[in-house]
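Heads up: numbering here begins at 1 and tracks the sequence. When reading the values below, keep in mind they use all heavy atoms of this one structure, side chains included, and skip hydrogens, waters and symmetry mates.
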Amino acid sequence: MSDRGDARLVWVRHGLASPSRRAALVSAGSIRTRAEGFKSACVELGGYCQAFAVFLSGRADLLPFAYLEELESVPVPFLGDPTRNLPLLGSAELEELESGLYTRVFRGRLDGRPAVVEHFRVPEDSVRRAAWQSFERAIAPLAGFPESAILTDDVLSEFHRWLDIHTDLQTKRRMLENLSEAPVGSLTVIPNLIPDFRSEELLAYEDLELICGVSQDVARRGPLFLEAVLEQILILAFVAVDEPWKEARLLDDNRVGYRIWPFLEAIPVQHYQPVLQYVASSMAEDGGRAMRMLLKIIRYEDGEVLESDLWRQLSGLRFEVAADHRVSRSCEKMIEFWKALTAEHVRRPRFLDFLHRELVLTLRSAYDPDMDWAVPSASAVFSRLVNARFAEVTNLDRAREWAVGSGLVALSTARQAGAFLEQLRENDFSITVKTDSGQAGRLRRRPSLRVAISALLFIAGLQGALLLSGTLLGHLSILVCLLFGAVFFVAASHGD
């Protein structure tokens with residue numbers, strides 16, 4: 001029997017693809033029963049189908065929350081090449097921690113240094129293509145049933161992209177290198193890479209859990225972990241493709257690290273501000289502004305979408321979301337927008353779906369019916385973001401860079417002032433006799449002397465400002481001196 005025929009039998013056995021029961025299942029609304037059957041069938045089929053279930057565990061725009069709750073416990077399957085062994089790493093003392101989609105993760109010591117080692121075992125392209133085709137045949141029997149929303153080309157393309165990110169070791173290494181320059185004061189601790197074991201299939205970085213120690217203060221676990229994930233999105237501008245909540249660890253210094261660093265997708269630079277304002281407005285329940293920011297993001301992909309169309313879709317979705325009561329009110333608004341985009345078949349950048357999925361997974365994991373952690377956590381992140389942006393403008397390194405540029409301008413200005421003073425010395429330091437209405441002559445100094453004195457004062461003030469160039473006051477002093485110098489030389493060139 002074909003792969004598709006075998007898969008159909010699995011779906012039918014779990015009560016999902018039986019034509020005789022299609023109408024009854026939908027009309028009876030037995031969502032929970034279908035969700036349980038969907039999970040069991042995906043796990044039984046294994047491979048890409050099981051990975052697809054993991055991917056769908058945060059897709060609140062496609063599946064009801066009963067499905068998300070069931071799929072949350074699906075284990076991540078290993079899709080890598082099982083014949084590829086870990087290379088010899090000198091004096092390494094490692095034990096296997098767990099496996100990812102295409103990786104085996106080890107923990108221990110590399111040359112005596114606590115480390116986490118990820119060994120990438122990505123199969124050949126031909127093997128992956130064959131597995132993907134088999135996966136498409138396996139899910140085809142769900143067409144025409146309630147789960148058919150997951151079979152669209154857009155969803156399968158996003159799933160394919162999600163798989164591809166987990167095979168890209170070089171991108172993950174570059175992101176960890178970039179994240180090492182995170183703003184000072186960030187809640188998230190970024191591990192240092194261990195370059196001595198760098199290769200095309202190995203990634204080694206510090207084991208923060210062993211280096212920093214893990215705090216036993218579980219009372220602060222939820223709010224701080226949520227704050228760390230929001231910080232990644234809003235300050236570091238990255239979206240975790242994995243579920244970082246499960247790997248997050250509260251360190252002894254009350255900061256957050258990860259046992260295994262998640263795979264990340266970068267948010268494009270042009271979307272930084274709209275994403276920040278979109279998340280902030282949604283949590284503040286300012287639907288109008290959140291919608292405008294969302295439209296600003298998606299119009300890079302689909303310039304024809306109208307705000308009125310999305311509001312029309314929202315009017316029919318609001319009751320369904322509010323009735324679930326499995327997420328905080330801060331998350332409800334974003335789920336509504338996401339559902340409206342999907343229902344309207346709006347083209348949107350892939351990172352936006354990853355962003356929504358990440359927030360759903362995180363805010364559901366942190367959900368407490370007695371407390372909405374999202375708003376205070378987001379407020380703390382926004383506060384640090386403002387401080388970080390201000391520090392970028394006023395930090396010493398940038399001030400020195402700015403001072404070098406300003407110094408070059410100042411040297412050029414001083415050179416012109418010197419030439420001007422030399423001209424004054426040769427020609428203008430003279431006393432003239434002038435008669436006025438027949439009266440006796442009187443002595444008067446020309447404005448040249450005042451010009452010379454002002455020039456000397458200007459140069460002295462500029463030198464003093466440059467000495468203070470590492471501070472905000474120094475920056476302002478330089479600007480004032482340059483402005484005064486420009487006005488002074490223009491006035492001097494036109495006489496008194």
Side-chain angles (χ1 to χ4, degrees), residues 51 54-55 75-125 127-128 160-182 186 188-212 214 228-229 232 236-249 251 255-267 351 354 358:
V54 175
F55 170 75
V76 177
F78 179 64
L79 306 178
D81 184 353
T83 64
R84 194 174 302 172
N85 296 320
L86 182 70
L88 187 63
L89 297 177
S91 60
E93 302 173 5
L94 301 173
E95 60 178 355
E96 187 165 355
L97 191 61
E98 62 182 47
S99 63
L101 289 172
Y102 296 100
T103 60
R104 293 288 191 188
V105 182
F106 300 85
R107 182 183 186 183
R109 293 185 176 274
L110 293 176
D111 291 341
R113 184 176 181 180
V116 174
V117 177
E118 297 185 26
H119 182 212
F120 282 65
R121 305 184 185 186
V122 182
E124 300 293 333
D125 290 342
V127 176
R128 292 174 58 198
H160 199 286
R161 168 65 176 158
W162 184 75
L163 291 174
D164 286 344
I165 291 173
H166 286 83
T167 66
D168 194 347
L169 167 63
Q170 303 307 323
T171 297
K172 184 171 185 179
R173 178 181 286 122
R174 284 196 302 271
M175 284 191 173
L176 278 173
E177 290 173 347
N178 294 336
L179 286 173
S180 64
E181 301 178 2
S186 297
T188 307
V189 181
I190 314 298
N192 292 318
L193 292 174
I194 303 178
D196 296 341
F197 300 92
R198 180 183 184 129
S199 74
E200 294 183 355
E201 59 181 23
L202 284 179
L203 179 67
Y205 49 87
E206 293 177 330
D207 188 343
L208 295 176
E209 192 170 331
L210 293 181
I211 293 175
C212 302
V214 180
V229 174
Q232 286 179 28
L236 307 179
F238 290 98
V239 178
V241 181
D242 291 338
E243 301 178 34
W245 184 272
K246 294 180 179 179
E247 297 295 336
R249 297 292 183 269
L251 304 177
R255 293 202 293 167
V256 174
Y258 292 96
R259 186 179 63 148
I260 301 173
W261 197 262
F263 282 83
L264 300 170
E265 171 81 354
I267 297 176
F351 86 86
F354 289 150
E358 174 66 19

Do [X] and [Y] have side chains that get closer than 4.5 Å, going by heavy atoms?
| X | Y | result |
| --- | --- | --- |
| Pro123 | Tyr102 | yes |
| Leu202 | Leu86 | yes |
| Glu265 | Glu358 | no |
| Thr171 | Leu264 | no |
| Tyr205 | Leu208 | no |
| Asp242 | Val76 | no |
| Asp164 | Arg128 | yes |
| Trp162 | Val241 | yes |

Step-by-step side chain to side chain contact (heavy atoms under 4.5 Å, CB included) determination, Trp261 to Met175:
CA-CA 11 Å; Trp261 197 262; Met175 284 191 173; over 6 Å; no
Does the [X] side chain pair with the main chain of [Y], one donor and one acceptor, at a distance under 3.5 Å?
| X | Y | result |
| --- | --- | --- |
| Glu93 | Gly108 | no |
| Arg84 | Arg121 | no |
| Arg255 | Ser186 | yes |

Ring centroid separation for Phe263 and His166, is it under 6.0 angstrom?
yes
Just do the side chain to side chain contact (heavy atoms under 4.5 Å, CB included) check on Val116 and Leu97 with the steps written out, would you?
CA-CA 9 Å; Val116 174; Leu97 191 61; 5.5 Å; no
Taking atom [atom1] of [X] and atom [atom2] of [Y], what is their separation to the nearest 0.5 Å?
| X | Y | atom1 | atom2 | value |
| --- | --- | --- | --- | --- |
| Leu94 | Leu110 | CG | CG | 5.5 Å |
| Thr103 | Leu203 | OG1 | CG | 9.5 Å |
| Thr188 | Leu179 | OG1 | CG | 9.0 Å |
| Glu206 | Leu193 | CD | CG | 9.0 Å |

Quick one, Leu101 with Val54, criterion side chain to side chain contact (heavy atoms under 4.5 Å, CB included). Give me CA distance, side-chain angles, the key distance, then yes/no.
CA-CA 10 Å; Leu101 289 172; Val54 175; over 6 Å; no
With sequence neighbours left out, which residue pairs that include part of residues 165-177 fulfil the salt bridge (Lys or Arg N to Asp or Glu O under 4.0 Å) condition?
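Listed once each, the pairs are Glu118-Lys172, Glu177-Arg198.
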Output all residues satisfying salt bridge (Lys or Arg N to Asp or Glu O under 4.0 Å) with Asp196, sequence neighbours left out; order by chain, then residue number.
none
Determine, step by step, whether Ile194 and Asp111 satisfy the side chain to side chain contact (heavy atoms under 4.5 Å, CB included) criterion, reporting the C-alpha distance in whole Å, the side-chain angles of both residues, the deciding distance to 0.1 Å, and the verdict.
CA-CA 11 Å; Ile194 303 178; Asp111 291 341; over 6 Å; no
Are there over 12 heavy-atom neighbours, none belonging to Glu95, within less than 6.0 Å of that residue's CD?
no
